[in-house]
Amino acid sequence: MTEAGGLRLFLDRSAHAHRFAEAARELCPDVQTIGDLYGVTPAESVLDEQWIADASEAGRICIGSDKAILSNLLELQAILDHSARYVVFTDNNTPTRVRIAQFREVYEQLVPLAEIPGPWVYKLTRGGLQKVSATVLRDRLDQARTRVLKQD
């Protein structure tokens, strides 16, 4: 197993299940959940933009399973504004045991990402990690802005 070095992870609301957090900590010594940072009950009401900013400022790579982050205006803006680094499971309904197995499979690929500045997103798929570049994130932000303008 590769030494985790500077890998520091932050598990958002969609990924902070106790079993997943335990499994992540077995591989990476520096894992913080949203509940660790804000308290379990208060974490439920922390805005996504806030925890993205706080986790990014702390130098953490965010791990989550809410792929809406790739199309939501405020979340995309937060990723870009705070140079966030985010790994997102592409299926919210994946059982925890499967998420753990997928995470273990890609862990060796996550370690060197600690050295790569954001903003970036990697989708964690059944086939491994797929990068979503900052350019694509900006394009998606523009698309999200257009959707919002059309709704108004």
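This structure is a prediction, so every number in the text was calculated from the model and none was measured.
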Exercise. Would you call Ile79 and Leu141 a side-chain contact if the rule is heavy atoms closer than 4.5 Å?
Worked result: no
Exercise. Would you find a donor on one side and an acceptor on the other, under 3.5 Å apart, between the side chain of Arg138 and the backbone of Leu80?
Worked result: no
Problem set entry | Identified side chain to side chain contact (heavy atoms under 4.5 Å, CB included) partner of Val87 from the options Ile63, Val121, Leu9 | Ile63
Exercise. Mind checking whether His82 and Glu49 have side chains closer than 4.5 Å, heavy atoms only?
Worked result: no
Problem set entry | Side chain proximity check, Leu11 to Arg25, heavy atoms < 4.5 angstrom | no
For this session: Taking atom CD of Glu57 as the centre, report whether more than 12 heavy atoms of other residues, nucleotides or ligands fall under 6.0 Å from it.
Result: no
Exercise. Is Leu76 close to Ile69 at the side-chain level, that is, under 4.5 Å between some pair of heavy atoms?
Worked result: no
For this session: Taking the side chain as every heavy atom from C-beta outward, state whether Asp12 and Tyr86 have any atom pair closer than 4.5 Å.
Result: yes
Problem set entry | Cluster link Ile34 to Phe20, ILVMFWY, side chain under 4.5 Å | no
Problem set entry | NZ/NE/NH1/NH2 to OD/OE distance under 4.0 Å, Arg99 and Asp91 | no
Exercise. Can you find a heavy atom in the side chain of Leu110 that is under 4.5 Å from one in the side chain of Phe103?
Worked result: yes
Exercise. When you check the gap from the basic side-chain N to the acidic O, do Arg60 and Asp36 get nearer than 4.0 Å?
Worked result: no
Exercise. Tyr107 side chain to Leu27 main-chain N or O, any donor-acceptor pair under 3.5 Å?
Worked result: yes
Problem set entry | Whether Arg8 side chain and Cys28 backbone form a donor-acceptor pair below 3.5 Å | no
Exercise. Hey, are the side chains of Ser14 and Phe89 touching, using non-hydrogen atoms and a 4.5 Å cut-off?
Worked result: no
